[in-house]
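Just so we're clear, the structure is a prediction, and the values are computed from it rather than from any experiment.
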Amino acid sequence: MKKSSFITQTKKWAIDHKIWSSIIVIIILLGGYYIYKKASAANVVPQYVLSPAHLGTITQTVTGSGQVSAENQLDVTSEVSGKIQAIHVTVGQHVYRGDVLATLDAHDALINLENARIAYQKLVAPAKTGDITNARNSVDKAYTDAFNAIASTYLDLPTIMAGFKDMYYTRDGYFSDQKSSYLISTARTYRDATGVSYDKAVAHYESSLELYKTLSRTSATSSIEKLLDETYTTAKLISTALQQLQNTVTYVMVNQPEYNSSLSSAAQTNVTTWSNQVISDLTSIVSAQNAIASNNNSLNVLLAGADSLDIRSQQLSLLQAEETYAKYTIRAPFDGIVGRIPVSVYGQASVSTVISTLIGDRKIANISLNEVDAAKVKPGQHVAITFDAIDGLNATGTVDHVDLVGTVSQGVVSYTVQVIIELIKPGMSINISIVTNEKTGVLIVPSSALKTQGTKKYVEVLAGAASASTTRLGIPSNASSTYQRIRTSTTTPQYSGSTSQNRTMTIASATAPTKVFVTIGDADDTNTEITNGLERGQLVVTRTITAGTATTATPNILSSLGGNRGSAGANRAIVRPAN
């Protein structure tokens, strides 16, 4: 009765206090759920996916895509004009660099080439004995003619010097001291300056005349050359003095016509005659000097051979003629396939006429890579090639070069990598994979096993699993070939093959794993090299599965979970294949 009364009173209170009743029910439910979850969690043991550290290969690659093109495609044109005599190739024919594609009529070019060869051969040929004899005779004659010119000059000069002297130093001379006192001031100045020039010419005349008297036509050539120079100087001084005298006479006749008017006309005539005679002698002396120099030079050229600069000039002329002649034979500039021939035999070709279109043998693809990937690529690296359009077709290539100058687009820097490709037609789209680094036989673990603490790297190891890694996987310690991975749902491992490097193990354990700090090396998309801290075969945790964690494998682990929950402290091993 009391129990019934309590229930009745409770119902009555709940009906009367609906809000409070609802709150109390909710609190009771939440508390019960919490107590239930705590009790359930106490019996859940976390699971650990383990993978062995094993010897393997780290392969680092850079990928990209592009389109194949011919490295060279060129319209081979004519550099000269002429009639096409022959075409030596057909469309589709493979040619090598230097092969003849066509020839033009080179008749005129051949004549020019032969003339250049003859001129060069004549220039470098040794002198003939007869030519040397004639040259020496010409030199001897030049010295004889020079002495004759000297002798003729010294026959003329005494008369000229005597007449000049009479005009100045005789009593009745035109410019004698007595008569020149009547000259106006400017005329007297001109007269005195001319007298100084005359005195200088007389001194040199007397000296050279004495030298002339000691020589003859048979004297040494050096003596004749010296006398020739002295005679030239003497005649030049006398010519200068006569020119001054003529100017003085002209000035007096114009500005002081009453001065010695009876002698003015004769004085002017004499001075003109003497001046013309000296100029004629000077001309003969200069001609003699030039003749000696010219004939000596000709003889020396014959004896010593042609001047090196003349030879070089003729060599260049010959080379130019040879190059021009060679242009009439049109050759392939590189290895390739003849794509088209737009001309025909007997047609007329001019400069820049297209003779043939040549497509180069080498095929290339220009791949654009970002600055990080481009820094890893070097010339000579191997390239694997696949094709989106053709399944199963593979090809290979080689990195030729990486551009040194990048291209900036929307703040992103990219570099072009040129790949040399074999046996692929131009225009095909390709995907490339460049192996930038490869290490074999190094200790590796899945990259998902690595964790970071500050600047250090570590892996987690289960104490019980680490001491019997290969035994727990059921793999012989000397295994070397690759296992075939078998998916199983039982707790008994099943294997095919002889190594555990691609396997994972799932263990339920209440014991937390321990940290093992490691030193890492290179890494690829899946694995990381361990250089210190682990031994081969040691099991590392690649993933931890706790209550509520989905059992679907992660992309880089790709393992399957199974088995039963164990009680606290129990370890159950289930082998799972890794992808």
Side-chain angles (χ1 to χ4, degrees), residues 57-77 97 333-337 339 352 354 357-391 393-440 442 444 446-448 450-452 454-457 519-529 531 554-556:
T57 300
I58 295 292
T59 302
Q60 296 175 329
T61 61
V62 170
T63 59
S65 60
Q67 194 170 37
V68 180
S69 62
E71 183 180 30
N72 293 313
Q73 179 170 325
L74 179 68
D75 286 336
V76 182
T77 60
R97 179 181 180 182
F334 50 81
D335 298 354
I337 303 294
S352 299
V354 177
T357 298
L358 195 61
I359 302 172
D361 281 345
R362 279 212 326 179
K363 307 301 185 299
I364 63 170
N366 291 319
I367 311 297
S368 181
L369 299 178
N370 62 53
E371 55 188 318
V372 176
D373 289 344
K376 304 174 185 177
V377 179
K378 294 178 176 57
Q381 289 176 335
H382 176 77
V383 179
I385 301 170
T386 58
F387 303 84
D388 289 336
I390 308 175
D391 291 335
L393 177 61
N394 297 310
T396 60
T398 306
V399 175
D400 185 60
H401 70 267
V402 182
D403 284 353
L404 298 179
V405 179
T407 302
V408 180
S409 177
Q410 296 181 347
V412 178
V413 181
S414 60
Y415 293 82
T416 298
V417 176
Q418 187 176 94
V419 176
I420 303 300
I421 303 172
E422 300 176 358
L423 306 177
I424 302 298
K425 293 182 179 180
M428 298 184 73
S429 297
I430 62 171
N431 301 314
I432 63 104
S433 178
I434 304 172
V435 178
T436 59
N437 185 28
E438 187 173 59
K439 286 186 174 181
T440 58
V442 296
I444 61 174
S447 298
S448 59
L450 288 167
K451 296 177 175 58
T452 303
T455 60
K456 297 181 179 179
K457 298 288 185 180
T519 304
I520 65 173
D522 291 324
D524 56 21
D525 294 337
T526 305
N527 300 308
T528 300
E529 177 189 5
T531 60
T554 58
N556 57 346

Working note: Thr407 + Thr416, criterion side chain to side chain contact (heavy atoms under 4.5 Å, CB included); need CA distance, chi angles, decisive distance, verdict. CA-CA 8 Å; Thr407 302; Thr416 298; 5.5 Å; no
Nearest 0.5 Å, what's the [atom1]-[atom2] distance between [X] and [Y]?
X: Lys376; Y: Gln381; atom1: NZ; atom2: CD; result: 11.0 Å
X: Ile359; Y: Gln73; atom1: CD1; atom2: CD; result: 4.5 Å
X: Asp403; Y: Ser414; atom1: CG; atom2: OG; result: 9.5 Å
X: Gln60; Y: Asp525; atom1: CD; atom2: CG; result: 9.0 Å
X: Asn527; Y: Ser448; atom1: CG; atom2: OG; result: 9.0 Å
X: Glu71; Y: Asn366; atom1: CD; atom2: CG; result: 9.5 Å

Over all heavy atoms of both residues, which pair between [X] and [Y] is shortest? Give the atoms and the distance, please.
X: Gly336; Y: Leu358; result: C-CD1, 4.1 Å
X: Gly64; Y: Leu369; result: CA-CD2, 4.5 Å
X: Phe387; Y: Leu393; result: CD1-O, 3.2 Å
X: Ile385; Y: Gly397; result: CD1-N, 4.1 Å
X: Tyr415; Y: Leu404; result: CE2-O, 3.9 Å
X: Thr436; Y: Val377; result: CG2-CG2, 4.3 Å

Around atom NZ of Lys451, are there more than 12 heavy atoms from other residues, nucleotides or ligands closer than 6.0 Å?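 Check passes, neighbour count above 12.
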For [Y], is there any backbone N or O sitting under 3.5 Å from a side-chain donor or acceptor partner on [X]?
X: Thr396; Y: Ala384; result: no
X: Asp524; Y: Thr59; result: yes
X: Glu529; Y: Asp522; result: yes
X: Thr528; Y: Ala523; result: no

In a table with atom names and distances, give each donor-acceptor pair under 3.5 Å that connects a side chain of residues 427-435 to protein atoms at least two apart or in another chain.
{"from": "Asn431", "atom 1": "ND2", "to": "Asp388", "atom 2": "OD1", "distance (Å)": "2.6"}
{"from": "Asn431", "atom 1": "ND2", "to": "Asp388", "atom 2": "OD2", "distance (Å)": "3.4"}

side-chain contact (heavy atoms from CB on, under 4.5 Å) partner of Val399, chosen from Ile420, Val383, Ile367: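 So the option named by the test is Val383.
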For Asp75, give me all partners under side chain to side chain donor-acceptor pair (under 3.5 Å), at least two apart in sequence or on another chain.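 By the side chain to side chain donor-acceptor pair (under 3.5 Å) rule, Asp75 matches Thr357.
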If the condition is side chain to side chain donor-acceptor pair (under 3.5 Å), which residues does Thr455 pass it with, not counting sequence neighbours?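 If we apply the side chain to side chain donor-acceptor pair (under 3.5 Å) test to Thr455, skipping adjacent residues, there are no hits.
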Within the structure provided, determine whether Ile364 and Ser69 are in side-chain contact (heavy-atom separation under 4.5 Å).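 Ile364 vs Ser69: side chains touch.
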Can you find a side-chain donor-acceptor pair between Lys439 and Thr57 that sits under 3.5 Å?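 Note: Lys439 and Thr57 side chains miss the donor-acceptor criterion.
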Consider only side-chain N and O atoms of Ser352 and Thr77, and report whether a donor and an acceptor are under 3.5 Å apart.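 There is no such pair between these side chains.
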